[in-house]
Amino acid sequence: MDLILTNTATGQKERVYADDGKTLRFYCCGPTVYGPAHIGNFRTFTIQDVFRRTAETLGLKTMHVRNLTDFDDKTIRRSQEEKKSLITFTDYWKNKFHRDCEALNNLPPHIEPSALAHIPEQIDLIQGLMDKGLAYQAGDKSVYFRISAYESYGKLSGLKIEDRKENADGRLNADDEYAKEDFSDFALWKAWKPEDGPNKWDSPWGPGRPGWHVECSAMSMKYLGESYDLHSGGVDLLFPHHENEIAQSEGCTGKQFVRHWFHLAHLMVDGAKMSKSLGNLYTLEEIEAKGFTAEELRYVLISGHYRQSLNFTLDSLGAAKSALTKLRKFKSLLEKHAKNDGEEEGEFGVFGPAMEAMADDLNVAKALGQLFTIVARLEKNPEKICSATAENFSKTIYALGLKLEEPKNQSEEELVPVEIQQLAEARWQAKLNKDWAEADVLRSKITEAGWTIKDSKDGFEILKS
RNA sequence: GGCGCGGUAGCCAAGUGGUAAGGCCGGGCUCUGCAAAAGCCCUAUGCGUCGGUUCAAUUCCGACCCGCGCCUCCA
């Protein structure tokens, strides 16, 4: 089964393959570590993870590189506001990011280069562009890419420089106008300014730091080669970031930088773009504080098609919770019947239709639809389940990145106040005595106190309402 | 203004030139003192609006309306 994905560069669905015949080499633009990543960031990283898992499930070997941007305007400014060194500051947020990724069950990239650790590579790239006349040092000592010397600029995004000039009125700031040859030229090397504090590095052009776009070109080519298979990021990076990466990389090497561009639509919240001013910007921590799990969030984030923006609501997490419970139950049904030896037709057996949907442009919504249809069918005919069914289910679930583990017991009993515990036990006694009226009175007292009783055959559970 | 994406049931969301997957919610029933859980069943003559093509359109074409994204450093 081939993996098909829409290539932004051509607008066509194309087969994803390893150009060297061995390993699919791909790069994902990673986070800037200056604060907690929000669920919109994680939609991108999680769908990229589904992409990788699906590729692997279909038999492709992968080499996944994702960078960490650990110096830029924001990291420098905020570290200074907090009176911390840049490294201390970014390390904290790197660790936070890694913990969140793990909770969401995103596989760690094979290589995760940090921009700070690759400044020499970035300087080399800039020097290469200088040598070719594609870059120049301006009066402000910064180095810029000379777009007028690079003809195919704009080929990925389809944006025309002339159009942008017309729309740039009022947006230019005086420095840019003064320093750059052309307002569209973007910074490759930013000359040091007093507000950068101790954060400066030496270069042939004086002290300063690389511009943001260079790091992805320099690091991806270092680890994946001058030409590689696929590059991914949020749609907002299409222009200018990825356009600039192409200009820098192809300008320097003269070779095609990336064959396949994989862009992911944004997550909306309650029908609007996420922003701090609207107060609809959630982090994983906030989602968990509302009583949902990372797996429930993952389910929501992957459940829409990646080329379409997905509207996130808290209600959708509730829906995910129920859907996951259903899958979890099915998993234990499989485990009961998995001892039956048996074979299934095709690469993924009865789950073939679900994997076909995954392979066809990563249609997760369709795959989930197929999955639930198959689940319902097998639940009605459990005698058809065999060891191969369980294996094929595992493969499908792996591609989605779900775990379907039983929720952990959070030692609920200990958290329940003593008086509630006593009321509950009194009620259980009343129940055993078949004093239903007394039992109901006690139940409503417990309910009023904010707890819920769930009976089973030989005991009860106390849960927070 | 330019480029791009989208409008399918209460919500989320697939899909097709031949009569609408799936999930959630809701409703009914079963099972248990009740409740919860669980199980079974039901839930769009309709796919933004108006025209056109066609034996047949939600699916193709045209116009229009609405929402969203990008147009210099935001996944």
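Every value quoted in this text rests on a predicted model; they were computed, and no experiment measured them. A, B, ... follow the sequence lines: proteins, then strands. Residue 1 opens every chain.
- When only modelled atom types and interatomic distance are considered, A/His266 and A/Ser309 share no side-chain donor-acceptor pair under 3.5 Å.
- Comment: A/Asp73 engages A/Lys190 in a salt bridge, judged by a side-chain N to carboxylate O separation of less than 4.0 angstrom.
- For RNA chain B, the residues of residues 310-322 of chain A within the heavy-atom distance limit of 4.0 Å (strictly under) are A/Leu310, A/Asn311, A/Ala319, A/Ser322, sorted by number.
- A/Ala323 comes within 4.0 angstrom of the backbone, heavy atoms only, and of no base.
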(message) Counting Watson-Crick and G-U wobble pairs with both distances under 3.5 Å, what is the dot-bracket string for RNA chain B, 5' to 3', using [ ] for crossing pairs and | for pairs to another strand?
(response) (((((((..(((.....[...))).(((((.......))))).....(((((..]....))))))))))))....

What protein N or O atoms touch nucleotides 33-37 of chain B N or O atoms at under 3.5 angstrom, if any, and at what distances?
| from | atom 1 | to | atom 2 | distance (Å) |
| --- | --- | --- | --- | --- |
| B/G33 | O6 | A/Arg427 | NH2 | 3.3 |
| B/G33 | N1 | A/Asp440 | OD1 | 3.1 |
| B/G33 | N2 | A/Asp440 | OD1 | 3.0 |
| B/G33 | N2 | A/Asp440 | OD2 | 2.6 |
| B/C34 | N3 | A/Arg443 | NH2 | 2.9 |
| B/C34 | N4 | A/Asp455 | OD2 | 2.8 |
| B/A35 | N1 | A/Asp455 | N | 3.0 |
| B/A35 | N3 | A/Arg443 | NH2 | 3.3 |

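- Rounded to whole angstrom, the span from the CZ atom of A/Arg307 across to the C1' atom of B/G6 amounts to 12 Å.
- Comparing B/C31 with B/U19, their P atoms sit 39 Å apart, to the nearest whole Å.
- Comparing the same atom, P, in B/U58 and in B/G51 gives a spacing of 13 Å after rounding to whole Å.
- B/A9 sits 8 Å from B/G46 when the C1' atoms are compared, rounded to a whole Å.
- In this model, a donor atom of one side chain and an acceptor atom of the other lie less than 3.5 Å apart for A/Thr69 and A/Asn67.
- Under the salt bridge (charged side-chain N to carboxylate O under 4.0 Å, His left out) criterion, the residue pairs touching residues 98-107 of chain A are A/Lys96-A/Asp100, with sequence neighbours excluded.
- Note on A/Lys155 versus A/Glu250: salt bridge recorded, some NZ/NE/NH1/NH2 to OD/OE distance being below 4.0 Å.
- Using C1' as the reference atom, B/C50 and B/G7 are 16 Å apart when rounded to the nearest Å.
- A salt bridge links A/Glu295 with A/Arg328: at least one charged nitrogen is closer than 4.0 Å to a carboxylate oxygen.
- Looking at residues two or more places apart in sequence or on another chain, you find no salt bridge (Lys or Arg N to Asp or Glu O under 4.0 Å) involving A/Glu14.
- A distance of about 22 Å separates the P atoms of B/G17 and B/A13, rounded to the whole Å.
- Here A/Asp196 pairs with nothing under the side-chain hydrogen bond (donor to acceptor under 3.5 Å, both in side chains) rule; sequence neighbours left out.
- Residue pairs meeting the side-chain hydrogen bond (donor to acceptor under 3.5 Å, both in side chains) criterion with at least one partner in residues 363-377 of chain A, sequence neighbours excluded, are absent.
- Under the rule for a side-chain hydrogen bond (donor to acceptor under 3.5 Å, both in side chains), the partners of A/Gln48 that lie at least two apart in sequence or sit in another chain are A/Ser232.
- In terms of the side-chain hydrogen bond (donor to acceptor under 3.5 Å, both in side chains) criterion, A/Gln137 has no residue partners (sequence neighbours excluded).
- Within the structure, every pair that satisfies the salt bridge (charged side-chain N to carboxylate O under 4.0 Å, His left out) test and touches residues 429-444 of chain A, not counting sequence neighbours, is listed here: A/Lys431-A/Asp455.
- For A/Ser316, there are no side-chain hydrogen bond (donor to acceptor under 3.5 Å, both in side chains) partners at least two apart in sequence or on another chain.
- The P atoms of B/G2 and B/U59 are separated by 26 Å, rounded to the nearest whole Å.
- Across the protein-nucleic acid pair, A/Leu301 atom CG and B/C12 atom P stand 16 Å apart, rounded to whole Å.
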Polar pairs (N or O, both sides) under 3.5 Å between protein and nucleotides 73-75 of chain B?
| from | atom 1 | to | atom 2 | distance (Å) |
| --- | --- | --- | --- | --- |
| B/C73 | N3 | A/Lys190 | NZ | 3.2 |
| B/C73 | N4 | A/Lys190 | NZ | 3.1 |
| B/C74 | OP2 | A/Lys74 | NZ | 3.1 |
| B/C74 | O2 | A/Lys273 | NZ | 3.4 |
| B/A75 | O4' | A/Asn41 | OD1 | 3.2 |
| B/A75 | O2' | A/Gly234 | N | 2.3 |
| B/A75 | N1 | A/Leu267 | N | 3.0 |
| B/A75 | N3 | A/Gly40 | O | 2.8 |
| B/A75 | N3 | A/Thr44 | OG1 | 2.9 |

